[in-house]
Number of protein chains: 2
Amino acid sequence: MINLSISLLEIPAYQLHWFDYIGYFGSFLTSITFIPQVYKAWKTKSVGDLSIWMMLIVVLSTIVWLVYAFAIGSGPVIVANTIVFILSLILIYFKYRFNR
Amino acid sequence: MINLSISLLEIPAYQLHWFDYIGYFGSFLTSITFIPQVYKAWKTKSVGDLSIWMMLIVVLSTIVWLVYAFAIGSGPVIVANTIVFILSLILIYFKYRFNR
């Protein structure tokens, strides 16, 4: 019993709130946002309707969010934006690779 | 001089850090992400290359982020996700309006 009590005391005091899990779920959804678009572009080799400006804004915004996330030390935001950053770079590559 | 001192004391203690401005800039960029895509879709009336799954994930993720943002009381995240939510709904409407 004494050992159990000591173990419990060693658990960090910080508790995750319900909205932290909502945040993690949001990060997960944001991470996978461009996966269907990358897949569709790869499958159809057609990217004419995609806005290059949208992709460039996404790249810039993920860089900005990464700076912010490292500053506040937010793991989920770092992971989500790294994935979106990579996927948006792939889309930009496809945009040029499959002509317009 | 006494009045000035009292005025200064009444200024809230919370100071914005440099990374808060980075966060606002990220929110701004995220807000405008879909504007070029909505404009392009409207102008060309062509949306065949856009992934409907991407748009549906965006809608769902903005709802999740809005719940999170209201829970933690983050104004910039609320504003950014409301704008992205509306723009992604417009894109989904275009996707059906201009057929595929």
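A, B, ... follow the sequence lines: proteins, then strands. Residue 1 opens every chain. The analysis underlying the following values was restricted to heavy atoms, covering all of them including side chains, and did not include hydrogens, waters or symmetry mates.
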Chemist: Look at the side-chain heavy atoms of Ile, Leu, Val, Met, Phe, Trp and Tyr, link any pair under 4.5 Å apart, and say whether B:Leu91 and B:Leu89 land in one connected group.
Modeler: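 Yes, because B:Leu91 and B:Leu89 connect within a single hydrophobic cluster, where side-chain heavy atoms sit under 4.5 Å apart.
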Chemist: Most heavy-atom pairs under 4.5 angstrom with chain A, which of B:Gly23, B:Ala69, B:Ala71?
Modeler: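 Top count of heavy-atom pairs under 4.5 Å with chain A: B:Gly23.
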Chemist: Under 4.5 Å from any heavy atom of chain B, what part of A:Ser27 do you find: side chain, backbone, both or neither?
Modeler: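 A:Ser27 touches chain B through backbone and side-chain heavy atoms alike.
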Chemist: Nearest heavy-atom pair of A:Leu50 and B:Leu50: which atoms, and what distance?
Modeler: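 Heavy atoms only, the tightest pair is CD2-CD2, 3.3 Å.
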Chemist: At a heavy-atom distance under 4.5 Å, which candidate from A:His17, A:Met54, A:Gln37 has the highest pair count against chain B?
Modeler: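 Heavy-atom pairs under 4.5 Å are most numerous for A:Gln37.
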Chemist: Shortest non-hydrogen contact from B:Asp49 to A:Gly48?
Modeler: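 Heavy atoms only, the tightest pair is OD2-N, 2.8 Å.
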Chemist: Please look at A:Leu60 and chain B and tell me whether the side chain, the backbone, both or neither of the residue comes under 4.5 angstrom of a heavy atom of that chain.
Modeler: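 It is both, since atoms from each part get that close.
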Chemist: Relative to chain B, which segment of A:Leu56 carries a heavy atom at a distance below 4.5 Å: side chain, backbone, both, or neither?
Modeler: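 No part of it gets close to chain B.
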Chemist: Spell out, yes or no, whether B:Val77 and A:Val84 are grouped together once hydrophobic residues are joined by side-chain heavy atoms under 4.5 Å, including indirect joins.
Modeler: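 No, B:Val77 and A:Val84 fall in different hydrophobic clusters.
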Chemist: I'd like to verify something: which residue of B:Tyr39, B:Trp18, B:Tyr68, B:Phe28 has the highest number of heavy-atom pairs under 4.5 Å with chain A?
Modeler: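 That would be B:Tyr68.
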Chemist: Under 4.5 Å heavy-atom distance to chain A, tell me which part of B:Ile32 shows up: side chain, backbone, both or neither.
Modeler: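 Both backbone and side chain of B:Ile32 come within 4.5 Å of chain A.
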Chemist: Heavy atoms, side chains only, cut-off 4.5 Å: are B:Trp65 and A:Leu29 in contact?
Modeler: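 No. Closest side-chain heavy atoms not under 4.5 Å.
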Chemist: Please answer: with hydrophobic residues joined when any side-chain heavy atoms are less than 4.5 Å apart, are A:Phe85 and A:Ile83 in the same cluster?
Modeler: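 In one cluster with A:Phe85: A:Ile83, yes.
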Chemist: Hydrophobic cluster membership, with links at side-chain heavy-atom distances under 4.5 Å among I/L/V/M/F/W/Y: are A:Phe94 and A:Ile52 in one?
Modeler: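 Yes, A:Phe94 and A:Ile52 fall within the same hydrophobic cluster.
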Chemist: Rounded to the nearest 0.5 Å, what separates atom OG in A:Ser61 from atom CZ in B:Phe25?
Modeler: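 If we round to the nearest 0.5 Å, A:Ser61:OG and B:Phe25:CZ are 9.5 Å apart.
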Chemist: Does B:Val79 share a hydrophobic cluster with B:Phe70, counting links as ILVMFWY side-chain heavy atoms below 4.5 Å and allowing steps through other members?
Modeler: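 No; tracing contacts between hydrophobic side chains, which count when under 4.5 Å, never links both residues.
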Chemist: Can you tell me how far the OG1 atom of A:Thr30 sits from the CD1 atom of B:Ile57, to the nearest 0.5 Å?
Modeler: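 Result: 10.0 Å between the selected atoms.
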Chemist: Quick check on A:Trp53 against chain B: is it the side chain, the backbone, both or neither that has a heavy atom closer than 4.5 Å?
Modeler: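 Its backbone and side chain both get close to chain B.
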Chemist: Rounded at 0.5 Å granularity, tell me how far CG in B:Asp20 sits from CD1 in A:Ile72.
Modeler: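 Atom-to-atom, B:Asp20:CG and A:Ile72:CD1 are 9.0 Å apart.
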